[in-house]
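Sharing a structure with you now.
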Amino acid sequence: MSKTIVIGSDHGGYNLKSVIIKALADWGYAVEDQGPDCLDSCDYPLYAAKVCNRLKEDGDTLGVLICGTGQGMVMTANRMGIRAALCTNEFHARMGREHNDARCLCLGERVTGQGLALSILKVFLETEFEGDRHQRRIDLIDTVSQ
Ligand code: RB5
């Protein structure tokens, strides 16, 4: 996986996004921030789309999307064809990577505290997809969705 992380939020996720950007830099990742760049009220699908479009361009890159609950972000990303996992604990994050090959971590700033969010993020970034039967199952997501 690339050491570049593409990230975006809405106003509800802006503060946690700032914390995560700093942590990613400390951990040696390059960060592509797709916005917003201030706390003004904005619409989460627009920022989810920016991140997802970048992930579609570069299949080796992971993304992070944050809104108030994480719900709007995970709905938009999955609808756009990017496997995204809304995680509230490290087990969600590990399984989301190992079994579901999630490419985008979704977090809710109003749900998950900063310390836990960073711990979830670290697990998400450091866990590899297991492939094998899980590849068949994620392929089936596309098959049954057509
Ligand atoms: C914004 O108030 C809020 O609706 C948004 O951040 C997110 O939680 C939507 O899913």
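Whatever order the structure lists ligands and atoms in, that order sets their numbers, starting from 1. For the single chain, residues carry numbers from 1 onward in sequence order. Reckoned from all heavy atoms, side chains included, excluding hydrogens, waters and symmetry mates.
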One residue to check: Thr69. Relative to ligand 1, which of side chain, backbone, both or neither has a non-hydrogen atom less than 4.0 Å away?
both
Establish, from distance only, whether the side-chain atoms of Thr127 and Glu98 form a donor-acceptor pair under 3.5 Å.
no
Test item: side-chain donor near acceptor, Gln135 and Asp139, under 3.5 Å:
yes
With a cut-off of 4.0 Å, which atoms of ligand 1 are near a heavy atom of His11?
1 (C), 2 (O)
One finds that the ligand 1 atoms under 4.0 Å from a non-hydrogen atom of Gly68 are 5 (C), 6 (O), 7 (C), 8 (O)
Carefully, step by step, assess Thr69 and Leu86 under the rule side-chain contact (heavy atoms from CB on, under 4.5 Å).
CA-CA 9 Å; Thr69 60; Leu86 173 57; over 6 Å; no
Protein non-hydrogen atoms only, distance under 4.0 Å: does atom 4 (O) of ligand 1 have such a neighbour?
no
Suppose we measure from atom 2 (O) of ligand 1 to each protein heavy atom; which comes out shortest, and what is that distance?
Arg110 NH1, 3.3 Å
What do we get for Met73 next to ligand 1 when only non-hydrogen atoms under 4.0 Å count, side chain, backbone, both or neither?
neither
Flag yes if Val64 and Leu116 sit in one hydrophobic cluster, no otherwise; membership is Ile, Leu, Val, Met, Phe, Trp, Tyr, and two members link when side-chain heavy atoms are under 4.5 Å apart.
yes
Less than 3.5 Å between some nitrogen or oxygen of Tyr44 and one of ligand 1, yes or no?
no
Take Met1 and Arg97 through the test side-chain contact (heavy atoms from CB on, under 4.5 Å) and record every step on the way to the result.
CA-CA 12 Å; Met1 278 292 171; Arg97 291 285 306 131; 4.0 Å; yes
Closest non-hydrogen atom pair, His99 against Ile138:
O-CG2, 4.1 Å
List the closest protein heavy-atom neighbour of atom 6 (O) of ligand 1: residue, atom name, distance to the nearest 0.1 Å.
Asp10 OD2, 2.6 Å
Does the side chain of Gln114 come within less than 4.5 Å of Leu16's, by heavy atoms?
yes
For atom 7 (C) of ligand 1, which of the options Cys42, Cys67, Gly13, Gly72 provides the nearest non-hydrogen atom?
Cys67
